[in-house]
Amino acid sequence: MALPGLSLPGLGLSQAQSSAGLYTGSSSLTQESRMEDLAPRTEWRFEVSFQQQYTIRVTSGHAELFGVELAPNQPYTFSGCKAAILTWHGCQLEVSGDAESEYLGQETEYAVEWLNVHGMLETARDDAQMHSSEGGPRVLVVGPDFVGKSSLVRSLAGWAVTYGRTPTIVNLDPREGLLTPPGSFTAVTVGSQLEVENGFGISPISGPTITPVKTPLVYHCPYSAPPEKPDVYKALITRTALSVTNKLEENSGAKQSGLIIDTPGTLNDPKSNYDIITHLVSEFSITLILTLGSERLFNDMNRKFGQQSSEAIPVLRISKPGGAVERDAAFMKQLQNQQIRQYFFGTSKDSLNPHSHTYSFAELNIFRANSPSLAASSSSMDMDASDAPYASHADFERMTPNMEMLGRLVAIKFCSGSETDEFALRDSPVMGFAYVSEVDEAKKRVRFLAPHPQKWGDRAVVWGGWPQAVTDLVGSGTKQY
Amino acid sequence: MSARSPRGSLSGASSAEVGDDFGESLKDLSANNRYEINNLTSIAKEYTEHAQAISKSLENHIKTTAPSRKLPSLYLLDSIVKNVGTPYTVYLGRNLYNIFMDAYTLVDGNTRRNMEGMLKTWKEPVPGSMETRPVFPLETVRPIENALIKARTAALQSSRQGQMQPPPEYRSTPTPPQHNGRYTIPPSHGQGQPYGYGYQEPNAYQQSVPSGFSPASSVQQPHIYTAPTPQPANDVANIKRDVATLISQHQAQFGANPFDAELRKRLEALISLQTILNSQALDANSLKQIRYQISALAAAGAPPRPTPQPSYSTPQQWQSPASIPQPPHLARPPIPYSQPPSAQPQISAPFLDPAALNGLQALLANGQKPGTPQMRAAAPALQNASHTQLNDVQNQTASAPATNAVDLIASLTKNGLLPPPPANSAPQVSAPAPAPQQQSTASLLQSLSSILPPTSQRGTPTLPPAQLANTGKPRIPMNAAALKTFRPELIHTLYDAQPNQCSTCGRRFLATEDGRAKKARHLDWHFRTNQRMADSSISRGAHRDWFFPEIEWIQFVEFDPSTTTAADTNAAAAAKKEKQKQLPQEQFVRAPAGMTKNTCNICFEEMKSTYSEELQDWVFVNAAMVQGGKIVHATCLAEMQKGQQQSQQGGGGSLAAALAAVGSGGGQQRQRSATPDSSLGKRKAEDALAGMGTRMRMD
Ligand SMILES: [Zn+2]
Ligand SMILES: [Zn+2]
């Protein structure tokens, strides 16, 4: 399918999306389906690659996925996903399609704990409703990678919304976006149901959507791991906390519902004496810390913040789900590429048309967010010496566009690029992301793939070491141009 | 044919084709044959995504077919609007006056009487349905009634026939719903559903049944599509409907007099009664007695029906300068959208048997006279009450009714009206306990809390958590010891406590009036969305929007468009308007379901709804909602309020200041903020907003 008015030579950019999340009647018809009976309090675990499609339908009983109930008899299709469908009541599933693995999980004690955490948060929200000055629970979730932190956050959000709450979810993991591409922080107050296949769903678009949109506030975090740039990371945390705190003060329903913060595993850093976690606890006035997976982390958190400490914040050690599995680098890379792709092209259900914008060098205000990983990745490229002052201590540096930006995702900030200071540049939220599809150094112009038909004027455009360059937004290399 | 995707409407056939096919089938509809009417209704249900074409086809058929065939086609119309409901009620409602009157003038007297009987049922909810609104909005039916009255008067027919009110015992409907409630079947169903869902019970219309909301026993009826006939007076559905009517009247009253304790007590009693009716099968004798009591209550204690007040006498809406300091969120009309006063079926004349006034009436014996209209006008409207006042009401109503509800049940039980409720024990925190039974105080509270005047919470107008409070959920302390215990009651709160499920997306709703109204709106929303998604001219070319800047995000009140009421949206819109100083002509009101036209009560000109891309819904533009749910021109309203308007300050100013203050480390609400690492704290206040693209400085 050709993309009208957009040609992106050499990049294989096309609208031929991967069929992730697509339900196609024909494919499921050709695949044999089988029935699986699940006893109460068991779960159906599966791992589906990005190339596979796996469809599940609840034919009787009730089942949920990360806090969102599956509608009876509706097929849900998964791709590029490792998940578990849990049943409290028992159910029968009709399963079809391909998966890398699928099996029945009997150990669901973790889910009992998670649900009890939901009950604790509900108790705290009820209390907040009675004594409205206090506000609801403010929960920080910490732990190493791949222990189910995001699944826990999603479940707690899903149950809260089912219960009529409007919790605010904050994602501080730049490796995996929430309603955004990677490289961002997101805060979103969830006012409508989450989705089975697509979690938090979709941010606002210009047309109708299958499910109600969610409206995020987005900051730019162009580093894969916070320890790379702890000061910038902490400043962004502060800024996010300011906005979130203000929002909760504006809206009593949101305030009573509280907030839940998801974090990257790299915060689990005893060497810095948990510097960033300490900052987080302070900036968001955390009232409950949930640790997953690491006993040492739990002990350290308990000593530092627990009831016996001066902070006196409850610290709970939560079981990781039996189905939590490591997502290897290749999987994460595909996930990141998919998130970038979906930002521009949408999903098969809510498909979007991106737009191509060409800017002359003179019109652009490009800033590079320096970081060790950017320096490392760029040093392997053969760059002009004059263009690579990576030893610079400046966090942000104005630059002339060059080939180094090709294939990168850049953040368009709300702040003006014509006249700015470093703090404003750092703290300004993101208006949108664009993809550098062509840099013509001879003609001194850059072509971008952008989500919106409107150009962004003289706003600051920032990029950094994260996310990494994407050479082929479509992924599988099906070049159509 | 039915290769539709589970969520879209991707049927191969175009609307035009479906409409033509339907028109062809109509040609065979020559007599009052229930099989054929059922059959065609099933098709209409199966193809709701082509409702517009099907409606058009039916409308044309009624217009053009021979007079002898008009009645069967009208019965089909009746069957479709009652069994399928929206969107057919919308499409067929638009031109209902002409459809009806054109036919009426051409048919014989017998047919006319049948049509009159049918018309009356359109003013009432479908019996046994979960929907409490009438089949068609009263605005649609009333002009027809008026025309009939004129016609009959002119013909010097019996003046007694000219009564607009149905006789009290008139309770039946020509087309009882095939399924229990018009919304039980989603417009587009998932894979695996055979074509012709309705064929599953081709011979039996299901009558409304006493046992709550599950489709249960069906009653065989003769094959003739029956004209309206009187039904036994103590039909459960009728009692339920009368209770619902009384409740909505009391609610309206309560909205105007939120501090009237007696009124509240009566409302509570009614709601408990409703819960009992919905949760238990009662024998005929009990029903009869309850019916007497309801009648007595209607006669003795029913508040006067709210009379539509000229809107210029009620300028104290959210546009009011008084609400500026805390602008947006207090504004909620006291009357739930699902039961606007204009849509309330009038309570029928009671079967008053003075000897039968026991139980309920005794409980209500001390009831004081409802407020006079003057009193109500003078009473502080709910939306003008302070936050604290509203909280007080909320707290009182949340804590008080427990005993009253229990008293009522005890009283009814003592009088032999109810079987004794099963003993139920409150769930313990530590030990797994069975979910509370339907008759529990918790569920009474739940149904009560959901229909009481909206909570005072600012923001999140969609689903006040209060409505889910007290559903027997356990209090769990925040400690490790509480973590391991399996608590079925928590699962109950997420599943069974919200038994009313959307079959498209799995979302659940409470089995309360409010829950049903929300679900109805939610299904409408699915339908509209699917329709728009299928319309490639709309969905093609969509693009992602820019994200929000901070101030906008902070002020943005998340709402669920799939369940938001007109009133809620309007409150949110009012909030937005306050902040943006929106011009009156840019204001809008979401059109209530089925309402395509409206007359502005200020200038008396007609207003027509239009489709809003932004809201993905039908709206009245240049419109504002005033007290009582009336929609008027926003410009007219603004004109009227000019004198009262004080200098407005945008809400954004104070918020910007607050943000700046917090940005400078001065915010009080964040006691533990501004750690030494917080570089923001060093910044000047005015720079806090630099990120909005307004002020930049180079170091
Ligand atoms: Zn739904
Ligand atoms: Zn007017």
Side-chain angles (χ1 to χ4, degrees), chain A residues 62 69-71 73-75 88 112-113 115-116 119-120 123 162-166 189 191-193 204-208 210 212 215 217-218 234-235 238 242-243 245-247 249-253 279 282-283 285 314 316 352-353 414-416 419-421 424 427-432 451-452, chain B residues 6-7 190-191 457-460 463 465 468 475-476 478 480 483 486 490-491 494-495 503 505-507 529 532-533 538-539 541-550 553-554 556-562 616 659 662-663 669-670 672-673 675 677-680 690-693 696-699:
Chain A
H62 302 301
E69 185 179 358
L70 282 71
N73 285 310
Q74 291 283 8
W88 298 106
V112 170
E113 285 186 27
L115 189 68
N116 281 329
M120 291 175 190
T123 301
T162 304
Y163 210 80
R165 306 290 185 179
T166 53
T189 301
S192 53
Q193 197 181 31
I205 66 171
S206 66
I210 291 278
T215 305
L217 177 65
V218 183
K234 285 200 291 193
T238 299
L242 288 180
S243 295
T245 307
N246 270 282
K247 173 142 192 153
E249 288 302 320
E250 282 280 301
N251 182 323
S252 69
H279 183 70
S282 161
E283 293 298 77
S285 303
L316 297 179
L352 300 175
N353 278 358
F414 278 103
C415 71
S416 163
E419 186 189 16
T420 189
D421 70 12
D427 294 341
S428 174
V430 175
M431 184 170 93
H452 202 282
Chain B
R7 300 172 176 210
Q191 164 192 80
Q457 293 160 23
R458 302 163 57 214
T460 56
L463 184 59
L468 282 164
R475 286 188 60 82
I476 306 179
M478 230 175 240
L483 216 46
F486 177 53
L490 275 174
I491 296 162
L494 296 168
Y495 286 87
S503 60
C505 71
R507 180 174 169 162
T529 303
R532 282 170 50 71
M533 299 293 289
I538 294 170
S539 50
H543 60 81
R544 194 171 297 278
D545 283 336
W546 297 124
F547 297 126
F548 279 32
E550 280 162 331
W553 182 78
I554 288 167
F556 179 73
V557 177
E558 276 74 13
F559 69 98
D560 182 348
S562 83
Q616 303 180 25
L659 180 64
V662 178
Q669 62 267 55
R670 300 175 60 250
R672 281 187 286 171
S673 72
T675 62
D677 311 300
S678 174
S679 47
L680 261 178
M692 320 310 294
M696 299 294 149
R697 238 165 17 113
M698 284 302 272
D699 260 1

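In the text below, chain A, chain B and the rest are named by the order of the sequence lines, each starting its count at 1. Only this structure's heavy atoms are used, side chains among them; waters, hydrogens and symmetry mates stay out. Predicted model only: the values in this text are computed from it and were never measured.
- In this pair, H452(A) and H543(B) present their aromatic rings perpendicular. The plane angle is above 60°, beyond the 30 to 60° band.
- The parts of L217(A) that come within reach of chain B are both its backbone and its side chain, each placing non-hydrogen atoms under 4.5 angstrom from that chain.
- For T215(A), there are no side chain to side chain donor-acceptor pair (under 3.5 Å) partners at least two apart in sequence or on another chain.
- A salt bridge links K247(A) with E558(B); the closest basic N to acidic carboxylate O contact falls under 4.0 Å.
- For P314(A), the part sitting under 4.5 Å from any heavy atom of chain B is the side chain, from C-beta outward, and nothing else.
- A search for side-chain contact (heavy atoms from CB on, under 4.5 Å) contacts involving E113(A) returns I318(A), S319(A), L483(B), K484(B), not counting sequence neighbours.
- Contact annotation for V430(A): both backbone and side-chain heavy atoms come within less than 4.5 Å of a heavy atom of chain B.
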